[in-house]
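Presented below is the structure to which this report refers.
Just so you know, these numbers come straight off a predicted model, no measurement behind them. What you see below is based on every heavy atom in this structure, not just the backbone, and it leaves out hydrogens, waters and symmetry mates.
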Amino acid sequence: MHVPLSWSYTQTLAAENNTHISEFLLLGLSQDLEVQPLIYVIFLSMYLTTILGNLLIVLAASSDPRLHTPMYFFLCNLSLVDICFTSTTVPKMLQNILLQRKAISYEGCITQIFFYILFGSLDDFLLTVMAYDRFVAICHPLHYTVIMNPRVCGLMLLGCWVLGLLNSSLEVSMSLRLSFYPKVEIPHFFCEFSQLIKLACSDTFLNNLVMYCAILLVGGGPILGIIYSYSKIISSILGVASTQGRYKAFSTCASHLSVVSLFYVTSMGVYLSSAVSERAYPRAVASVLYMVVTPMLNPFIYSLRNKDIKRALKMFFVRGNTKR
């Protein structure tokens, strides 16, 4: 007599047979072959713009001795992290479009998850450290050079890296315990951690718990620090007697505040789109804004609204033409 397998047994069997899955399929932003060339050109243009823009910020700040300050030290690191953040996902997407393939190896997927969580966390932490730097500069200007000395700046940067590595290592180690069915299609242009959890055939309670705790701590902690810093900054600016003094004090924070707003609005869009809609397309669009558009716009925000960066870029290009 034939006895049908129970659902729980089938799940267990699938999990045992598919622990060593070799690859995933990335469905991308669109499966329409006619749209692929347009997507390729758009993303290649944005990627090259991101690299060029952020490298120019780094070169300008490094070449001008007047910009060898804590503010621009952290800005250079933010630009380098933005380059790495975009490079984690976009090149693989461009390669898949060019070769007309969707596959990414299991190891490649896990590596992608590790680095996009790492550089996303670093972005978050660096923006918080930069907010603290502005807080010290405006609220404690006489003690600024003492508080924000090179050793402290180096320790802050090291702390950002340690926290980022701990966060990404924890989340990736949790993903290694997941099991999958033989054919896994990820409705995204990269291996997103939350999508991977949804597609697992094993128990994901612990993974979801760790993921949401990480979002709460890594996202909530820094934003509270930024809000506290800017509440003190605004209070200090309002205490300045002259209008010109207020404008000058606020102008030193305008670029950073714009970047912070852009970063958190787009990152919140990623998680809200996932909570509100089950469809993959809104989340993919939100992810493009967060992972590609934001790193591309950051150099423009800092260069267009910052006279020091404009001057440094001008000097850099003039010096380059003179050498020729």
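- Heavy atoms only, all atoms of each residue included: Thr88 and Gln112 are closest at O-NE2, 3.2 Å.
- Residues Leu257 and Ile227 share a single hydrophobic cluster, defined by chaining ILVMFWY side chains whose heavy atoms lie under 4.5 Å apart.
- Taken to the nearest 0.5 Å, the CG atom of Leu289 stands 11.0 Å off from the OG atom of Ser267.
- Across Pro70 and Asp133, no two heavy atoms sit closer than the pair CB-OD1, 3.5 Å.
- When ring centroids are compared, Phe190 and Tyr116 come within the 6.0 Å threshold.
- Note: Phe115 CZ to Ile110 CD1 = 12.5 Å, rounded to the nearest 0.5 Å.
- Tyr302 and His256 have their aromatic ring centers separated by at least 6.0 angstrom.
- Looking at every heavy atom in both residues, Tyr106 comes nearest to Ser175 through OH-O, 4.3 Å.
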| message | Is there a side chain to side chain contact (heavy atoms under 4.5 Å, CB included) between Phe43 and Val288? Walk through the geometry before answering. | response | CA-CA 9 Å; Phe43 273 79; Val288 170; 3.7 Å; yes
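- For Asp124 (side chain) and Gly120 (main-chain N/O), no donor-acceptor pair under 3.5 Å exists by modelled atom type.
- Interatomic distance, CE of Met156 versus CZ of Phe74, reported as 5.5 Å (0.5 Å rounding).
- Once rounded to the nearest 0.5 Å, the distance linking SG of Cys84 with CG of Leu80 reads 6.5 Å.
- Hydrophobic clustering (ILVMFWY, side-chain heavy atoms < 4.5 Å, transitive): Ile42 and Met291 are in one cluster.
- A distance below 6.0 Å separates the ring centres of Phe180 and Phe24.
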| task | Begin with the C-alpha distance, continue with both residues' side-chain angles, and end with the deciding distance and a verdict on side chain to side chain contact (heavy atoms under 4.5 Å, CB included) for Arg177 and Asn207. | result | CA-CA 9 Å; Arg177 62 186 291 275; Asn207 294 82; 2.7 Å; yes
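- Annotation: side chain of Cys213 is in contact with side chain of Leu209 (closest heavy-atom distance under 4.5 Å).
- Put simply, the side chain of Cys160 reaches to within 4.5 Å of the side chain of Val129, judged on heavy atoms.
- Counted within 6.0 Å of NZ on Lys232, heavy atoms from surrounding residues, nucleotides or ligands total 12 or fewer; the atom is thus considered open.
- The main-chain N or O of Met211 is never found under 3.5 Å from a side-chain atom of Glu171 such that the two would form a donor-acceptor pair.
- Considering every non-hydrogen atom in both Cys109 and Leu196, the closest pair reads SG-CD1, 4.2 Å.
- You'll find the side chain of Leu94 stays beyond 4.5 Å of the side chain of Leu98, heavy atoms only.
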| request: Report the C-alpha separation of Met130 and Leu78 in whole Å, then their side-chain angles, then the decisive distance to 0.1 Å, and conclude whether the side chain to side chain contact (heavy atoms under 4.5 Å, CB included) test is met. | output: CA-CA 10 Å; Met130 291 171 76; Leu78 181 68; 4.0 Å; yes
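- Using a distance-only test at 3.5 Å, with no hydrogens or angles considered, no donor-acceptor pair links the side chain of Asn208 to the main chain of Phe205.
- Remark: side-chain polar atoms of Ser236 are not paired, donor with acceptor, to backbone N or O of Ile233 under 3.5 angstrom.
- Atom OG in Ser63 sits 7.0 Å away from atom NE2 in His68 (nearest 0.5 Å).
- Cluster annotation: Tyr230 and Ile147 are assigned to the same hydrophobic cluster (Ile/Leu/Val/Met/Phe/Trp/Tyr, side-chain heavy-atom contacts under 4.5 Å, transitive).
- Considering only heavy atoms from C-beta on, Val292 stays 4.5 Å or farther from Met296 through its side chain.
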| Worked check of side-chain hydrogen bond (donor to acceptor under 3.5 Å, both in side chains) between Lys198 and Gln195 | CA-CA 5 Å; Lys198 290 178 182 178; Gln195 289 287 340; 5.3 Å; no
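- The closest donor-acceptor contact from the side chain of Asn54 to the backbone of Ile83 lies at 3.5 Å or more, if one exists at all.
- For the pair Thr294 (side chain) and Phe263 (backbone), a donor-acceptor distance under 3.5 Å is absent.
- Not a single donor-acceptor pair under 3.5 Å links the side chain of Gln36 to the backbone N or O of Ile97.
- Distance alone, capped at 3.5 Å, is enough to place a donor-acceptor pair between the Ser173 side chain and the Leu170 backbone.
- For the pair Glu23 and Ile104, the minimum side-chain heavy-atom distance is 4.5 Å or more.
- Taking CZ of Phe193 as the start and CD1 of Ile197 as the end, the distance is 3.5 Å to the nearest 0.5 Å.
- Hydrophobic cluster membership is shared by Leu75 and Trp161, with clusters built from Ile, Leu, Val, Met, Phe, Trp and Tyr side chains linked at under 4.5 angstrom.
- A donor-acceptor pair under 3.5 Å is formed between the side chain of Ser168 and the backbone N or O of Gly164.
- Put simply, the side chain of Leu27 does not reach to within 4.5 Å of the side chain of His188, judged on heavy atoms.
- Residues Ile226 and Phe135 are members of one and the same hydrophobic cluster, defined by side-chain heavy-atom contacts under 4.5 angstrom among Ile, Leu, Val, Met, Phe, Trp and Tyr.
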| message | Test side chain to side chain contact (heavy atoms under 4.5 Å, CB included) on Val184 and Leu25; report intermediate values, then the result. | response | CA-CA 6 Å; Val184 178; Leu25 297 178; over 6 Å; no
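- Among all heavy-atom pairs drawn from Leu178 and Ser202, the shortest one is CA-OG, 3.6 Å.
- Phe85 has its ring centre less than 6.0 Å from the ring centre of Tyr290.
- Using a 4.5 Å heavy-atom threshold, the side chains of Ile223 and Tyr264 count as touching.
- Residues Thr86 and Phe119 have side chains not in contact (no heavy-atom distance under 4.5 Å, counting atoms from C-beta outward).
- Residues Thr128 and Pro222 share a closest heavy-atom pair of OG1-CB, 3.0 Å.
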